[in-house]
Number of protein chains: 2
Amino acid sequence: MRDQNPVKDMQRAELARRTGCNLETVRYYEKVGLLPAPPRTAKGYRRYDSGHERRLRFVMRARELGFSLDEVRALLKLVDERDQPCAEASRLASLHLAQVRAKIGDLQRMEAALSEAIARCGDGARPVCPLIEALSREEHGAEQLIVAPDAPANDGSGAGNKARRLAYG
Amino acid sequence: MRDQNPVKDMQRAELARRTGCNLETVRYYEKVGLLPAPPRTAKGYRRYDSGHERRLRFVMRARELGFSLDEVRALLKLVDERDQPCAEASRLASLHLAQVRAKIGDLQRMEAALSEAIARCGDGARPVCPLIEALSREEHGAEQLIVAPDAPANDGSGAGNKARRLAYG
DNA sequence: CCTTGACCCTGTAGTTACTACAGGCCTTAG
DNA sequence: CTAAGGCCTGTAGTAACTACAGGGTCAAGG
């Protein structure tokens with residue numbers, strides 16, 4: 001049951017439907033080189049087969065694991081070149097895992113700061129909102145709560161600091 | 001020590017330096033309405049004072065907590081309109097907190113799937129890479145591992161599913 | 001035969017939150 | 001007087017899509 005229903009000559013809509021991928025995204029992935037350009041009919045219609053479907057599913061799964069398109073490209077290259085890709089794949093995934101863990105840490109610091117601030121608001125009947133005050137304070141802002149303990153709050157360079165942004169999505 | 005060094009008539013570079021904000025970002029925040037347009041000199045140069053600095057710091061702290069610019073705008077409106085903002089601020093923060101927690105959950109599922117896959121690679125000397133195989137499998141892809149247990153993997157609509165994307169940054 | 005609707009094609013513009021120029025004016029120190 | 005540094009504007013670039021507009025193609029029904 002490798003290919004439970006091997007299909008030749010699908011159109012884009014069917015490929016999208018079968019994979020759950022957005023229709024436009026299929027074309028986008030072709031444009032940016034993640035999907036090979038499929039053959040065309042005489043009138044220029046794309047014709048996909050199950051090879052394309054497999055490729056697209058690979059890309060989608062890697063995306064679901066949070067790999068960037070550049071990282072997915074690197075993984076696909078490993079798939080295609082296929083000489084002992086395991087060490088390199090493991091390295092790429094480990095790098096990515098480190099980024100995922102860093103983001104989790106950042107978000108957990110945000111979570112702690114937010115839930116503390118919300119707790120201080122209580123039932124919301126305060127005349128002066130502690131949440132807004134926390135954001136307004138001059139001396140010790142939210143950054144004291146959420147910046148990683150070993151990272152200096154401000155290196156003075158002004159531009160280009162916060163290489164790892166704390167604000168996601 | 002509210003305003004440890006109240007300053008009038010700074011230029012953009014000084015405001016940026018004092019707050020750690022990127023120079024261009026200051027102008028950007030003005031353009032999108034997060035900072036009020038400051039008065040100008042005869043030659044059109046912006047002149048900021050400590051009120052602008054306070055405002056900018058507020059925005060920066062809210063961003064560090066992961067609030068979107070729209071959310072920051074809503075918080076600023078509460079600051080400005082100031083009639084019992086506590087309940088509303090608390091509501092906004094709670095909504096945001098829920099999003100943060102959802103992202104943490106997503107990232108933790110990614111983390112689990114990634115570390116499991118990496119572990120299966122071992123020392124990377126496998127001839128067939130389990131990581132790449134996991135991404136290539138037809139039947140049970142990574143989505144089985146990382147999609148929330150109560151969320152259907154594919155609702156069949158094709159477009160517009162995965163309202164909450166699993167891939168961040 | 002014609003029409004209707006569902007596809008298909010291309011290219012472009014929108015999204016978020018910035019960041020980085022290019023091209024030109026202004027100010028100040030040497 | 002000139003060179004270096006500020007400032008101004010507007011635009012274009014980033015990631016990863018998403019959504020049109022404007023037009024062509026194709027199969028089925030009347």
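Chain identifiers are assigned alphabetically (A, B, ...) following the order of the sequence lines, protein sequences preceding nucleic acid strands; residue numbering begins at 1 within each chain.
Here the C1' atom of nucleotide D:dA15 and the NE2 atom of A:H96 are 15 Å apart, to the nearest Å. Separating the OH atom of A:Y28 from the P atom of C:dT10 is a distance of 17 Å, rounded to the nearest angstrom. Rounding to whole angstrom units, NZ of residue A:K43 and P of D:dG23 are separated by 18 Å. Whole-Å rounding puts the B:D70 CG to C:dT16 C1' distance at 10 Å. Taking atom CG on A:L56 and atom P on D:dA16, their separation rounds to 16 Å, with Å as the unit. Remark: P of D:dT18 and CG of A:L69 are 11 Å apart, rounded to the nearest angstrom. The distance from atom CG of A:L23 to atom C1' of D:dA16 is 16 Å, rounded to the nearest whole Å. Per the geometry, CD belonging to A:E30 stands 15 Å off P belonging to D:dC17, to the nearest Å.
Each end of the helix from C:dC1-D:dG30 to C:dG30-D:dC1 gets its own rotation axis from five pairs of C1' atoms, and the angle between them is 30° to the nearest 10 degrees.
With sequence neighbours excluded, the residues forming a salt bridge (charged side-chain N to carboxylate O under 4.0 Å, His left out) with B:E88 are B:R91, listed by chain and number. Taking A:R55 as the reference, A:L35, A:P36, A:L76, A:D80 meet the side-chain contact (heavy atoms from CB on, under 4.5 Å) condition, with sequence neighbours excluded. When the salt bridge (charged side-chain N to carboxylate O under 4.0 Å, His left out) test is applied to A:R47, no partner is found at least two apart in sequence or on another chain. Shown here are the side-chain contact (heavy atoms from CB on, under 4.5 Å) partners of B:R27, two or more places apart in sequence or in another chain: B:R12, B:E24, B:R46.
An OP1 or OP2 oxygen of D:dA16 is reached within less than 4.0 angstrom by no side-chain nitrogen or oxygen of A:N22. Side-chain N/O atoms of B:Q11 include none lying less than 4.0 angstrom from OP1 or OP2 on D:dG6. For A:R63, a side-chain nitrogen or oxygen approaches OP1 or OP2 of D:dC17 to under 4.0 Å. Distances shown here put a side-chain N or O of A:T25 below 4.0 Å from the OP1 or OP2 atom of D:dT18.
Backbone-only contact: A:R46 has heavy atoms under 4.0 Å from sugar-phosphate atoms and none from a base. B:R40 comes within 4.0 angstrom of sugar-phosphate atoms only, judged by non-hydrogen atoms across all strands, and of no base.
The minimum heavy-atom distance between B:L135 and A:A62, with the atom names listed, is CD2-N, 3.7 Å. When every heavy atom of B:R61 is checked against every heavy atom of A:S136, the shortest pair comes out as NH1-C, 3.8 Å.
Residues B:K103 and B:D106 are not paired through a salt bridge, judged by the lack of any N-O separation under 4.0 Å between the basic side chain and the carboxylate.
One donor-acceptor pair, N or O on each side, does fall under 3.5 Å between the base of C:dC21 and the side chain of B:E24.
The stretch residues 100-133 of chain A participates, sequence neighbours left out, in no ring pair (Phe, Tyr, Trp, His ring centres under 6.0 Å) pair at all.
Taking only side-chain atoms of A:S68, from C-beta outward, the nucleotide of C:dT12, D:dG6, D:dA16 with the closest atom is D:dA16.
Comparing A:T41 and A:L34 along DNA chain D, the residue whose closest nucleotide (by nearest heavy atom) sits nearer the 5' end is A:L34. Mapping B:K31 and B:R47 onto DNA chain D by nearest heavy atom places B:R47 at the nucleotide closer to the 5' end. DNA chain C is contacted by both B:Y45 and A:R12; A:R12 maps to the nucleotide lying nearer its 5′ end (nearest heavy atom per residue).
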